[in-house]
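Note on naming: letters A, B, ... go to the chains in the order of the sequence lines (proteins, then strands), and numbering restarts at 1 for each one.
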There are 2 protein chains.
Amino acid sequence: MLTKRPDMAAMPEAPRGARDLLYLREAEIRLAQDLLFFGYRGFTQRPDRLLEELDMGRAHHRVLHFVGRRPGITVGDLLAILDITKQSLGRVLQPMIAEGYVTQAAGRSDKRQRLLSLTEKGAALERRLYDAQRDVIMQAYREAGPQAVDGFRRVMRGLMGEAAREEIDRLEKGTP
Amino acid sequence: MLTKRPDMAAMPEAPRGARDLLYLREAEIRLAQDLLFFGYRGFTQRPDRLLEELDMGRAHHRVLHFVGRRPGITVGDLLAILDITKQSLGRVLQPMIAEGYVTQAAGRSDKRQRLLSLTEKGAALERRLYDAQRDVIMQAYREAGPQAVDGFRRVMRGLMGEAAREEIDRLEKGTP
DNA sequence: GCGTTTGGTCAGCATGATTGACATATCCCT
DNA sequence: AGGGATATGTCAATCATGCTGACCAAACGC
């Protein structure tokens, strides 16, 4: 498949140069795939190592992160953010409650709700994970420069769906 | 933990404004975490759906991608890129060979090596996955603009380790 | 009072990762 | 030619994280 390239058949009479543009575009997209794969791995590597020592995984980190980000979040909202099933969350969340990383409190207006928050212990662990990840991000931001950071943000926002974009805006503001 | 913020104790006599800067920096890092989580999910979502229909997972996609990117790659090099164990790769790779997505050929200089390449069938599937992912990336790139794309690349490179950065350079050139 | 919503829980399954141990073929150096 | 190192494959067992379907309990709200 070394000689087969995209959309060639679809442009049998493409103008001179169009073929080269397609090659260029493909190289650009392939590079993006590689960057996302290796970059995301670099981003998760250090927290993963810390979590391993505590017999936890990335799922636990996500709970710590989003509960810390939005204290008093309901189980339902957390499920919507993580986009996993109630059962999958339960298996991670219940042990975290039992071991005192997360607390539940009945909602004041709706008593069915279990509002989730981090305990001191949970917040301390979250901060350790945050610090590890912060170092990696700060380093990348410093090397790249502020303008690059802005570009990074724009592209990442574009990669996610509309729902996730709204979720991010909500997280940035507080809890509207 | 709503009132506890980073490094406060470490800067008891910080100048006016330093405290605000720390708040700002934390918000920046938290945003980066959210962007990477939701962005990466958006990036993998469409291929994941296609793969599901064929009873494959993300691991299969990674093999198709990197073998397609570097035809004739050795098992060892692929392992180094994916950073998984031989056994983990074997469970994904062997069925793909059996079902005719990937072929093996003995290395000409070193006959121990099994040089991996995509078959027509494998390349066709890889292209379907690529096309799905390309649409998402192109959309994000178009919305963000070329300058943002450059910034995105810089930051993502910064997030990965030195080894991954070299690997990306190697992939971009060909197979040095 | 009754249907709906929120949350928890049970049993079972798939995927993709892990480790340790061992086998085979080939390479390369002495 | 011998022998250690290298490249790959394979066995068995385990773990983490996702899934489904079914069902229950409590509280809401009309």
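Gln133(B) contributes atom CD, which lies 5.0 Å from atom CD1 of Ile137(B) (distance to the nearest 0.5 angstrom).
For Glu26(A) and Arg127(B), the salt-bridge test passes: some basic side-chain N is under 4.0 Å from an acidic carboxylate O. Between Asp150(A) and Arg154(A), at least one side-chain nitrogen of the basic residue sits less than 4.0 Å from a carboxylate oxygen of the acidic one, meeting the salt-bridge criterion.
Applying the ring-ring contact (aromatic ring centres under 6.0 Å, His included) rule to pairs touching residues 67-97 of chain A yields nothing, sequence neighbours excluded.
Contact check for Glu126(A) versus His65(A): side-chain heavy atoms found under the 4.5 Å cut-off. Between Gln94(A) and Glu99(A) there is no side-chain heavy-atom pair separated by less than 4.5 Å. Contact of the Thr44(B) side chain with the Tyr40(B) side chain is registered, since non-hydrogen atoms from C-beta on lie closer than 4.5 Å. In this structure, the side chains of Leu64(B) and Tyr130(B) stay at 4.5 Å or more apart for every pair of heavy atoms.
When the P atom of dG9(D) is taken as reference, atom CD1 of Ile84(B) falls 13 Å away, rounded to whole Å. Atom pair Lys111(A):NZ and dC28(D):P shows a separation of 6 Å (rounding to whole Å applied). A straight line from CD of Gln104(B) to C1' of dT10(D) spans 13 Å, rounded to a whole angstrom. As a whole-Å value, the separation of Gln113(A) CD from dG29(D) C1' is 14 Å. Atom pair Asp110(B):CG and dA5(D):P shows a separation of 17 Å (rounding to whole Å applied). Leu78(B) places its CG atom 15 Å from the P atom of dA7(D), with the value rounded to the nearest Å. To the nearest angstrom, C1' of dT17(D) lies 16 Å from CD of Gln94(A).
A donor-acceptor distance shorter than 3.5 angstrom exists from the side chain of Thr119(A) to the backbone of Gly100(A), with no hydrogens or angles considered.
Between Ser88(A) and dT17(D) there is no side-chain N or O to OP1 or OP2 distance below 4.0 Å. The side chain of Gln87(A) places no N or O atom within less than 4.0 Å of a non-bridging phosphate oxygen (OP1 or OP2) of dT17(D).
Note on Gly90(A): nothing from the nucleic acid sits closer than 4.0 angstrom, heavy atoms only.
In the region residues 46-66 of chain A, proximity to DNA chain D at under 4.0 angstrom, judged on heavy atoms, holds for Gly57(A), Arg58(A), Ala59(A), His60(A), Arg62(A).
With hydrogens and angles ignored, no donor-acceptor pair under 3.5 angstrom links the side chain of Arg112(B) to the base of dT8(D).
For DNA chain C, the outermost nucleotides in 5' to 3' order that have an atom under 4.0 Å from a heavy atom of chain B are dG16(C) to dC27(C).
Nearest-nucleotide assignment on DNA chain D puts the 5′-proximal partner with Arg91(B), out of Ser109(A) and Arg91(B).
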